[in-house]
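Everything on this sheet refers to the single structure shown next.
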Amino acid sequence: MTITSPHLGSPSVWTDARLLYALEEVVEKELNRHLAVAKDWMPHEYVPWSDARNFPGLFEDGEAWDKEQSQVTEIGRIALVVNLLTEDNLPSYHHEIASLFGRNGAWGTWVHRWTAEEGRHGIVMRDYLLASRAVDPDKLEQFRMSHMSEGFESDNRHSMLHSIAYVAFQELATRISHRNTGHQSGDPVCDRMLARIATDENLHMVFYRNLLRAAFELAPDLTMQAVRDVVVNFRMPGHGIPGFERAAAQMAIGEVYNLRIHHDDVLQPVLRFLKIMEIDGLGPEGRQAQEELGLFMGGLDAEASKFDEKLAARKARMAARAGG
C-alpha cells in the first residue's frame with residue numbers, strides 16, 4: 001500500500017488537536033455506520049433469574065454461597081471475575097477517552113454512546129454471576145472495591161494516536177477473552193451472554209480500526225510509530241486487578257487468553273487489515289517503526305510457539321495421569 005497523501009509525519013505538523021479536527025468527518029461516518037448496525041439488547045434477558053435465591057444478610061432465608069451451586073468451571077469462574085472487574089472500571093475509561101477525544105461533536109457523541117454500550121456489559125455479567133451463584137459475592141465485591149479504588153490510567157493517555165491504536169487492539173482482545181470465557185465456562189447460558197457482549201466489542205473494534213486506517217492516510221509516520229509502541233508494550237486494562245498475574249497465567253493455560261491467541265487472533269487480524277507491512281512512502285522514523293514492528297511480531301510468534309509446546313506437553317502429562 002502506498003501512502004498517497006503528502007508526507008506530514010512531523011510532530012510539529014500534526015498535534016493531537018489537529019488530528020482530532022482532521023478525523024472528525026471519519027468519526028461521524030463511522031458513528032453513523034455503527035448506529036446503523038448495532039442492535040439494542042436487554043441485559044435482564046440474558047440472566048437466569050429463576051436460579052436466583054437470597055444470600056445471607058437481611059433475609060432470614062439467605063443461603064450461603066458454595067461453588068458447587070453453579071455448573072461454571074473453575075477456569076470459567078476465574079476468567080469471569082477478571083472480565084467483570086475489567087468492565088467495572090468504566091468510569092475511569094470514560095474519563096480517559098472524554099479527556100482525549102472531547103465531549104462535543106461526533107467525537108463526544110461516540111464517547112457517550114460507547115460508554116452506554118459498555119455499561120451493559122458490567123450489568124449483565126454481575127447479574128448473571130449473582131443469580132447463577134457462579135462466584136463468591138462477598139469476594140467479588142471486595143475485589144471490585146479494591147480495583148476501582150485504584151482507578152485506571154492508560155499507558156497511552158499522552159497521545160491521541162497511541163490511544164486509538166491501543167483500543168483498536170484492546171477491543172478485539174476483550175472480544176476474544178469474553179468469547180473464549182463463554183466457551184470454557186461449561187454453562188450454555190453464560191456462553192450466550194458472553195457471545196452477546198463479544199458482538200458489541202467487535203463493533204467497537206471495527207470503529208477504532210477504521211479510524212486508525214484513516215490516521216495512516218493523514219500522518220503515516222506518526223501512526224506507524226504509535227502502532228509499534230502499542231503492540232510492543234501492550235497490556236490489558238485489567239492488569240491492576242488484585243491477583244491478576246496468577247489469574248492471567250491460569251487463563252493462558254485454560255486457553256482463554258494466551259500468547260498464541262494474542263498473536264493470531266488479536267494482533268495479526270488488525271495488522272493484516274491495515275496492511276501494515278505493505279505501507280511504503282514512509283519517512284525514516286516510520287520505516288524504522290515498521291521494521292521494528294515486523295521484528296517484534298516474528299519474536300512474539302516464536303515465543304507463542306514455545307508456549308504451545310509447553311501447553312501440549314502439559315496436556316499430555318495430564319492425560320497420562322488420568323489414564324493411569
Side-chain angles (χ1 to χ4, degrees), residues 1-31 93 95-108 110-111 114 153-173 204-237 262 266-300:
M1 184 171 97
T2 302
I3 298 296
T4 56
S5 56
H7 181 69
L8 298 170
S10 169
S12 63
V13 174
W14 283 113
T15 62
D16 273 6
R18 285 198 65 193
L19 279 167
L20 282 167
Y21 179 78
L23 288 169
E24 179 90 21
E25 287 187 12
V26 181
V27 172
E28 183 175 5
K29 174 187 173 184
E30 290 302 318
L31 173 62
Y93 307 150
H95 174 76
E96 291 273 341
I97 65 171
S99 299
L100 275 168
F101 301 153
R103 294 174 174 82
N104 300 314
W107 281 105
W110 167 254
V111 165
W114 176 87
E153 285 192 346
S154 170
D155 297 331
N156 303 287
R157 62 189 179 278
H158 63 287
S159 160
M160 189 271 285
L161 270 182
H162 282 71
S163 295
I164 291 175
Y166 175 73
V167 289
F169 293 104
Q170 180 264 317
E171 292 283 6
L172 182 52
H204 297 165
M205 178 276 293
V206 170
F207 178 94
Y208 287 118
R209 183 196 65 186
N210 291 352
L211 202 55
L212 190 58
R213 178 175 58 184
F216 266 111
E217 291 293 329
L218 290 171
D221 282 351
L222 287 179
T223 307
M224 185 67 75
Q225 292 172 72
V227 170
R228 176 213 43 207
D229 294 345
V230 164
V231 168
V232 169
N233 299 298
F234 185 89
R235 58 179 181 167
M236 292 292 276
H262 183 61
V266 176
L267 298 182
Q268 284 285 30
V270 176
L271 296 177
R272 277 197 303 266
F273 175 84
L274 296 170
K275 299 181 179 178
I276 288 284
M277 303 313 295
E278 298 173 32
I279 294 176
D280 54 21
L282 297 166
E285 292 181 341
R287 285 197 301 272
Q288 180 180 345
Q290 188 182 47
E291 291 169 4
E292 290 174 351
L293 182 59
L295 289 171
F296 176 82
M297 290 299 293
L300 185 64

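Note that the structure is predicted; figures quoted are calculated from it, not measured.
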Between [atom1] on residue [X] and [atom2] on residue [Y], distance to nearest 0.5 Å:
{"X": "Glu278", "Y": "Leu271", "atom1": "CD", "atom2": "CG", "result": "11.5 Å"}
{"X": "Phe169", "Y": "Arg209", "atom1": "CZ", "atom2": "CZ", "result": "11.0 Å"}
{"X": "Leu267", "Y": "Leu172", "atom1": "CG", "atom2": "CG", "result": "8.5 Å"}
{"X": "Phe101", "Y": "Trp114", "atom1": "CZ", "atom2": "CH2", "result": "9.5 Å"}
{"X": "His162", "Y": "Gln225", "atom1": "NE2", "atom2": "CD", "result": "7.5 Å"}
{"X": "Met224", "Y": "Phe216", "atom1": "CE", "atom2": "CZ", "result": "4.5 Å"}

Can you check whether [X] reaches [Y] side chain to side chain, under 4.5 Å on heavy atoms?
{"X": "Tyr166", "Y": "Pro237", "answer": "yes"}
{"X": "Leu19", "Y": "Ile164", "answer": "no"}
{"X": "Leu300", "Y": "His262", "answer": "yes"}

With a cut-off of 6.0 Å (strictly less than), are more than 12 heavy atoms of other residues, nucleotides or ligands near [atom1] of [X]?
{"X": "Glu24", "atom1": "CD", "answer": "yes"}
{"X": "Phe273", "atom1": "CZ", "answer": "yes"}
{"X": "Gln268", "atom1": "CD", "answer": "yes"}

For [X] versus [Y], what's the shortest heavy-atom pair and its separation?
{"X": "Ala214", "Y": "Leu23", "value": "CB-CD2, 3.8 Å"}
{"X": "Ala173", "Y": "Val266", "value": "CA-CG2, 3.7 Å"}
{"X": "Ala215", "Y": "Leu161", "value": "CB-CD2, 3.6 Å"}
{"X": "Leu100", "Y": "Ser159", "value": "CD2-C, 4.3 Å"}
{"X": "Leu212", "Y": "Ala168", "value": "CD2-CB, 4.2 Å"}

Applying side chain to side chain contact (heavy atoms under 4.5 Å, CB included), run through Asn233 and Asn156 and close with a yes or a no.
CA-CA 10 Å; Asn233 299 298; Asn156 303 287; over 6 Å; no

[X] side-chain N/O to [Y] backbone N/O, donor-acceptor pair under 3.5 Å:
{"X": "Gln290", "Y": "Ile279", "answer": "yes"}
{"X": "Arg287", "Y": "Leu282", "answer": "yes"}
{"X": "Asp221", "Y": "Gly283", "answer": "yes"}
{"X": "Arg18", "Y": "Thr15", "answer": "no"}

Testing Gln288, Glu291, Glu292 one by one against Arg228 for a side-chain hydrogen bond (donor to acceptor under 3.5 Å, both in side chains), which residue passes?
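That would be Glu292.
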
Taking side chain to side chain donor-acceptor pair (under 3.5 Å) as the definition, give me every residue that meets it alongside Glu30, ordered by chain and number, with sequence neighbours left out.
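In terms of side chain to side chain donor-acceptor pair (under 3.5 Å), with neighbours along the sequence ignored, Glu30 is linked to Arg33, Asn210.
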
Could you check, using the six-membered ring where one of them is a Trp, whether Phe207 and Trp110 have ring centers closer than 6.0 angstrom?
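For Phe207 and Trp110, the ring centres are under 6.0 Å apart.
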
